[in-house]
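For reference, the structure discussed in these notes is given below.
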Amino acid sequence: MHVLVLGGTAEARRLAELLAARLPDTRVTTSLAGRVAAPRTPPGELRVGGFGGAGGLADWLRAHAVDAVVDATHPFAGTITRNAARAAALTGVPLLVLRRPGWRPVAGDDWHEAGSLAEAAALLPSLGGRVFLTTGRMDLAAFADAPDDLWFLVRSVEPPEPPHPPRMRTLLDRGPFTLDGERDLLARHRIDVLVTKDSGGAATAPKLTAARETGLPVVVVRRPPVPDGVAVVADPEAALRWLTGG
């Protein structure tokens, strides 16, 4: 069996590790978009770069005799997820989406949901002037026209490129992050509003707890929906069961 894992997340690496340990005869290819210069590489084969849309992905599935596709990309990688669904429909190759559950507000949270990055940017002037922006370096263009009285602390794995907010400081770091570290960061930079995408998972969740403790408003960008008719599981173990029919 040849499994293509559309990766770039901790869940994708974990699935590749599970397959290598429990199904060593399975051929596993993990595909990465190539946006991070030094990714954490999983077991098995690795390919980097795009496929050229749904048609290109379908051609790749046929040429490499892929038996199943697991889309374990980031919850906000909407384009590749749509392309994977279309390619699966074109080829008849089974597709599973592996998505960690999204975050949910609890008592004490001051969440402001936004349907897009543009909506998130529009909310900021009414919420605070010192913004902790954790949406990733690829999304800064949505905040490039922010008013001059807004200051941004941007956390990113790699240095961002323009366009980006006019008043910005970059913090290069990679999760997981600790609660104590997030408390210190919010206090040290005098943050008064947090912006995040609903990525889910534990690695970056401490910022939400730290914001709740200090009463900060949090702008949460909702994740895009999974295409209709596509099976979804929440963890790598469930994906392994799907692949093995367990």
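Annotation: the span from Thr73 atom OG1 to Leu32 atom CG amounts to 11.0 Å, rounded to 0.5 Å. Atom CZ of Arg14 is separated from atom CD of Glu11 by 11.0 Å, given to the nearest 0.5 angstrom. In this structure, CG in Leu98 is found 6.5 Å from OG1 in Thr9, a value given to the nearest 0.5 Å. The CG atom of Leu57 lies 6.5 Å from the CG atom of Leu6; values are rounded to the nearest 0.5 Å.
When the side chains of ILVMFWY residues are joined at heavy-atom separations under 4.5 Å, either directly or via intervening members, Val131 and Val221 end up in a single hydrophobic cluster. In this structure, Val5 is not a member of the same hydrophobic cluster as Trp60, with clusters built from ILVMFWY side-chain heavy atoms closer than 4.5 Å. Residues Leu19 and Val233 share a hydrophobic cluster, clusters being chains of Ile/Leu/Val/Met/Phe/Trp/Tyr side chains in contact below 4.5 Å. Cluster annotation: Val220 and Leu133 are assigned to distinct hydrophobic clusters (Ile/Leu/Val/Met/Phe/Trp/Tyr, side-chain heavy-atom contacts under 4.5 Å, transitive). Val97 and Leu243 fall into different hydrophobic clusters, where Ile, Leu, Val, Met, Phe, Trp and Tyr are joined by side-chain heavy atoms under 4.5 Å apart, directly or via other members.
Ser156 contributes no side-chain N or O that, together with a main-chain N or O of Pro159, makes up a donor-acceptor pair within less than 3.5 Å. No donor-acceptor pair closer than 3.5 Å links the side chain of Asp184 to the backbone N or O of Gly181. Counting only distance, with no hydrogens or angles, the side chain of Trp103 and the backbone of Gly201 share a donor-acceptor pair below 3.5 Å. Checking side-chain atoms of Ser31 against main-chain N and O of Val48 turns up no donor-acceptor pair under 3.5 Å. Between the side chain of Thr135 and the main chain of Thr196, no donor-acceptor pair closer than 3.5 Å is present. Side chain of Arg13 to backbone of Thr41: no donor-acceptor contact under 3.5 angstrom is found.
You'll find the side chain of Pro160 reaches within 4.5 Å of the side chain of Met168, heavy atoms only. Val3 has its side chain out of reach of Asp67: every pair of non-hydrogen atoms, C-beta onward, lies at least 4.5 Å apart. Residues Thr81 and Pro227 form a side-chain contact, since some pair of their non-hydrogen atoms from C-beta on lies under 4.5 Å apart. A heavy-atom distance below 4.5 Å is not found between the side chains of Leu4 and Val70. Here the side chains of Thr29 and His2 are in contact, with some heavy-atom distance below 4.5 Å. The shortest distance between side-chain heavy atoms of Leu61 and Val69 falls below 4.5 Å. No side-chain heavy atom of Val219 sits under 4.5 Å from any side-chain heavy atom of Leu194. Side-chain contact between Leu208 and Val218 is present, with at least one heavy-atom pair separated by less than 4.5 Å.
Counting heavy atoms of neighbouring residues, nucleotides and ligands inside a 6.0 Å radius, atom CG of Asp145 does not exceed 12 of them. No more than 12 heavy atoms of other residues, nucleotides or ligands sit less than 6.0 Å from atom CZ of Arg86.
Here the closest heavy-atom approach between residue Val230 and residue Ala85 is recorded as CG2-CB, 4.1 Å. Closest non-hydrogen pair, Leu123 versus Leu127, comes out as O-CG, 3.5 Å. Nearest approach of Trp242 to Ala68, heavy atoms of both residues: CZ3-CB, 4.2 Å. Scanning both residues, Ile191 and Leu185, for their nearest heavy atoms gives CG1-O, 4.4 Å. Across all non-hydrogen atoms, the minimal contact from Leu15 to Leu240 is CD1-N, 4.1 Å. Looking at every heavy atom in both residues, Gly7 comes nearest to Thr30 through CA-CG2, 4.2 Å.
Taking the centre and axis of the six-membered ring of Phe51, the NZ or CZ atom of Arg47 falls inside the cone set by 45° and 6.0 Å. By the 6.0 Å and 45° rule, Arg130 does not stack over the aromatic ring of Phe152.
Applying salt bridge (charged side-chain N to carboxylate O under 4.0 Å, His left out) to Glu182 and the options Arg188, Lys207, Arg155, Arg212 leaves one that passes, Arg155.
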- Task: Test side-chain contact (heavy atoms from CB on, under 4.5 Å) on His64 and Arg27 and set out the steps.
- Result: CA-CA 11 Å; His64 294 83; Arg27 180 185 175 191; 4.3 Å; yes
- Audit row: Arg62, Leu90, side-chain contact (heavy atoms from CB on, under 4.5 Å) steps and yes/no: CA-CA 10 Å; Arg62 297 187 188 100; Leu90 289 171; 4.2 Å; yes
- Message: Between Glu161 and Leu140, does the side-chain contact (heavy atoms from CB on, under 4.5 Å) criterion hold? Intermediate values first, please.
- Response: CA-CA 9 Å; Glu161 298 179 356; Leu140 298 186; over 6 Å; no
- Verdict with supporting geometry, Leu171 and Val154, side-chain contact (heavy atoms from CB on, under 4.5 Å): CA-CA 6 Å; Leu171 176 63; Val154 172; over 6 Å; no
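A salt bridge is absent between Asp149 and Arg167: the closest approach of a Lys/Arg side-chain nitrogen to an acidic carboxylate oxygen does not fall below 4.0 angstrom. Under 4.0 Å is where a charged nitrogen must lie from a carboxylate oxygen, and between Arg222 and Glu113 at least one such pair does. Using a cut-off of 4.0 Å between Lys/Arg side-chain N and Asp/Glu carboxylate O, Asp71 and Arg99 are scored as salt-bridged.
Note: Phe76 and His74 have tilted aromatic rings, judged against thresholds of 30 and 60 degrees for the angle between ring planes.
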